[in-house]
Amino acid sequence: MASTLTKPAPPPAAPAALRRRTRVLALPEARWALAALVSFLLGLPPALLGAPAWVWGTLFAATYVAGGWEPAWEGLKALRNKTLDVDLLMVVAALGAAAIGQVLDGALLIVIFATSGALEAVATARTADSVRGLLDLAPTTATRLLPDGTEESVATGGLVVGDVVVIRPGERVGADGRVLAGASEVDQATITGEPLPVLKETGDEVFAGTLNGTGALKVEVARDASDSVIARIVRMVEEASETKAPTQLFIEKVERWYSLGMVAATPAVFLIPLAFGSDPTSALLRAMTFMIVASPCAVVLATMPPLLSALANAGRHGVLVKSAVVMERLGQVDAVALDKTGTLTEGTPRVTAVRALTGPDGGEPGRDEGEGEDEDEGEGGRVGDASGPGGDDREPDDDRSPAEDRCSAEDLCPAEDRVLALAAAAEHPSEHPLARAVVLAAHARGHRLAPAEEFGSTPGVGVNARVDGDTVEVGAPARLLSGTEDALSLRAATVSAELEAEGHTAVLVRVNGVPAGVLGIADRLRPDATATVAALTRLTGTAPALLTGDNPRAAARLAAEVGITDVRAGLLPQDKVAVVREQEGAGRRVLVIGDGVNDAPALAAAHTGIAMGRVGSDLALETADAVIVRDELATVPTVVALSRRARTLVVQNLVVAGVFITGLVLWDLAGTLPLPLGVLGHEGSTVLVGLNGLRLLREAAWRRAAVAATG
């Protein structure tokens with residue numbers, strides 16, 4: 001196993017991305033929304049305490065102007081295009097409320113819509129910031145090798161196909177290309193999502209923006225900078241964000257037709273009685289009453305309180321849903337696609353198995369070869385697995401001493417303990433992810449690591465060091481066992497193959513040239529992954545698909561553990577988008593859950609995208625519609641169930657509002673509805689639907705959603 005740098009390379013992208021982030025108050029929508037909110041909050045106490053009307057009236061007027069002028073202007077522009085949209089409807093509803101003396105209600109409506117528009121503008125700006133920041137992953141300069149063997153530093157944008165560049169240890173690759181000479185392990189998680197660095201040798205492809213390890217590479221540029229994988233990811237995110245069908249709240253679709261009817265009916269209610277001889281005052285009073293009782297305040301508030309309450313409740317439980325539209329869309333999903341590394345798994349390699357090939361004294365292990373072997377786990381113990389060798393269900397071997405008869409999950413067998421301790425001591429100077437996993441496992445078992453002397457590493461092979469006078473080598477079994485055919489080497493090759501077949505990365509440990517043991521290293525499954533997959537299957541009626549850039553064998557092993565049968569492995573970002581498009585072409589509403597830069601295009605293209613907050617890249621977090629802040633995967637099905645509950649309350653509210661409006665309108669048209677009674681009925685229905693929506697703020701609503709998700 002090759003080491004990367006013994007000192008970490010400086011993080012290249014995050015600071016640049018942060019410096020380029022748009023400030024919230026740089027957005028006009030945010031400034032106007034803040035002004036409206038401040039004016040409303042200043043006017044609220046005087047209005048409630050009975051202060052003179054000119055005091056709070058002035059402040060509420062400022063609220064109307066600050067929060068309402070922009071949506072009113074947008075609504076008028078839409079009206080010019082023969083479209084009546086919710087912006088104009090909101091302003092009309094607020095002005096209608098003010099006209100009947102409900103100035104506070106109208107101001108509150110203005111603040112809600114202005115704040116919602118500001119949040120949407122901020123989310124859009126942050127997404128654009130992250131797309132621009134993604135370009136910082138690729139270095140700005142590269143070292144080009146000239147035909148005479150000299151080198152020159154050039155801008156990566158100036159590289160052309162056929163140029164040869166030198167990638168030194170710890171540098172980022174400046175262009176997509178193929179390796180001409182050298183060997184090194186390259187961390188390409190930003191592109192493929194693979195959790196471990198990949199060995200690159202002559203003929204292998206490398207991608208711009210990936211991080212080189214300890215070896216030096218000569219790379220021939222194969223694509224222009226504008227056509228690199230990183231550049232294509234940027235374009236895919238931008239295109240997906242622009243071409244994604246604009247979604248509207250369900251209520252907006254109802255409101256359009258309702259508003260057209262109301263606008264057309266109000267003059268008719270005034271003019272028709274006049275045509276039949278009614279006096280103008282009576283006709284005008286009837287028309288005013290009609291306008292009040294038919295006002296869409298209750299209809300408008302039928303949607304926002306349930307969705308905003310669900311949004312706030314989800315936020316308290318670690319799910320940041322970026323808008324009410326997203327909260328509604330979550331309940332519509334009927335297909336799910338999951339990333340592997342960092343989503344279903346923790347994204348960090350862990351030692352999952354230790355197989356000793358020799359005894360603690362360096363001789364043969366305390367059993368005859370081929371005897372006493374556990375049927376599932378081979379000859380060594382598995383760290384932290386009581387059901388494998390080393391668990392209490394292990395059959396004792398007659399050849400083992402009483403002290404070695406059983407190895408509990410908390411205490412490895414002596415031979416396995418020795419293998420882990422020696423490997424960790426040799427790996428300690430390395431910064432390779434596998435090395436860190438080995439050292440972490442040894443520390444977790446309380447080992448005090450002996451100092452490593454004469455440390456060295458070879459890319460693609462492994463590390464070597466002297467530990468307590470012994471020469472310890474840790475690395476790739478295929479490389480360390482090359483050319484050896486003795487019994488222990490053959491046995492080491494067999495154990496390594498078994499571990500790799502199970503989806504682990506096998507790491508061989510040799511002591512003084514003799515194979516001593518094999519370590520199995522794998523990315524650990526999240527504790528709630530299996531339950532989450534089962535809950536999402538129950539909610540959508542279809543098992544989720546697994547979309548990963550990792551190798552098919554590791555993907556298949558993990559999918560089998562969590563109950564996924566649709567596995568798409570070895571995918572590049574554009575391949576993930578293609579899968580999402582394929583599903584949506586079949587009429588599915590796809591929920592994509594991911595965390596990396598390579599997931600961002602699929603998150604943008606999906607009906608709804610959710611990013612993992614702790615390990616997620618900036619681009620994934622800003623592109624996604626929702627973020628799981630604490631990486632609790634089990635909250636995903638719960639928030640989907642909560643969204644469906646919110647949609648149910650929206651329908652209930654529409655029914656309530658519809659019943660009130662219909663009854664009051666019929667009363668006004670067929671008889672004589674007193675204006676005060678019309679106002680009371682109108683305001684009562686508005687309050688009723690508002691309180692009904694606020695039910696989702698309660699903790700019990702989240703618990704019920706969790707129960708509904710798990711069945």
Side-chain angles (χ1 to χ4, degrees), residues 1-4 6 214 351 353-367 369 378-383 389-390 400-401 403-404 407 411-496 499 505-521:
M1 174 178 56
S3 166
T4 55
T6 54
T214 52
V351 174
V354 182
R355 309 285 176 85
L357 303 173
T358 61
D361 56 357
E364 286 297 311
R367 68 180 80 180
E369 187 172 344
E379 290 149 309
R382 182 180 291 270
V383 175
R400 295 178 67 88
S401 68
E404 297 171 6
C407 305
D411 189 16
L412 288 174
C413 301
E416 293 152 352
D417 240 345
R418 178 174 180 269
V419 168
L420 181 61
L422 288 173
E427 291 278 24
H428 191 260
S430 172
E431 286 293 328
H432 192 284
L434 295 185
R436 291 196 293 269
V438 174
V439 173
L440 181 64
H443 282 318
R445 307 201 62 77
H447 288 298
R448 297 186 63 182
L449 304 183
E453 302 172 347
E454 303 174 21
F455 173 82
S457 67
T458 305
V461 179
V463 303
N464 58 83
R466 289 190 65 80
V467 179
D468 286 338
D470 292 320
T471 299
V472 180
E473 299 166 277
V474 186
R479 300 300 180 96
L480 293 182
L481 295 174
S482 178
T484 58
E485 296 184 357
D486 58 279
L488 268 180
S489 295
L490 294 175
R491 186 175 174 193
T494 300
V495 173
S496 299
L499 287 172
T505 297
V507 176
L508 178 66
V509 182
R510 290 205 310 183
V511 180
N512 298 322
V514 177
V518 182
L519 308 179
I521 300 178

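Side-chain atoms are counted along with the backbone in the values below, which use heavy atoms only and exclude waters and symmetry mates.
- Taking each heavy atom of L519 and A423 in turn, the nearest pair found is CD1-CB, 3.9 Å.
- In terms of the side-chain contact (heavy atoms from CB on, under 4.5 Å) criterion, residue partners of A450 (sequence neighbours excluded) are, by chain and number, V467, D468.
- Rounding to the nearest 0.5 Å gives a distance of 4.5 Å between CG of N512 and CG of D470.
- Partners of S489 under the side-chain hydrogen bond (donor to acceptor under 3.5 Å, both in side chains) rule, at least two apart in sequence or in another chain, are T484, D486.
- In this structure, S482 contributes its side chain and A478 its backbone to no donor-acceptor pair below 3.5 Å.
- Atom CG of residue L481 and atom CZ of residue R510 lie 7.0 Å apart, to the nearest 0.5 angstrom.
- Between the side chain of R355 and the backbone N or O of V495, no donor-acceptor pair lies under 3.5 Å.
- The two residues I521 and A437 come nearest to each other via the heavy atoms CG2-CB, 4.3 Å.
- Atom CG of L499 and atom CG of L508 lie 11.0 Å apart (nearest 0.5 Å).
- Of the residues V474, D417, V472, the one that meets the side chain to side chain contact (heavy atoms under 4.5 Å, CB included) test with L422 is V472.
- The two residues L488 and P515 have their closest heavy-atom pair at CD1-O, 4.0 Å.
- Minimum heavy-atom separation, A452 to A426: CB-CA, 4.4 Å.
- With sequence neighbours excluded, the residues that form a side-chain hydrogen bond (donor to acceptor under 3.5 Å, both in side chains) with T471 are R466.
- Here the CG-CZ distance, from L440 to R445, works out to 12.0 Å after rounding to the nearest 0.5 Å.
- Note that the NE2 atom of H428 and the NE2 atom of H443 stand 4.5 Å from one another [nearest 0.5 Å].
- A side chain to side chain contact (heavy atoms under 4.5 Å, CB included) with V509 is found for one member of V438, V518, V419, L357 and no other, namely V419.
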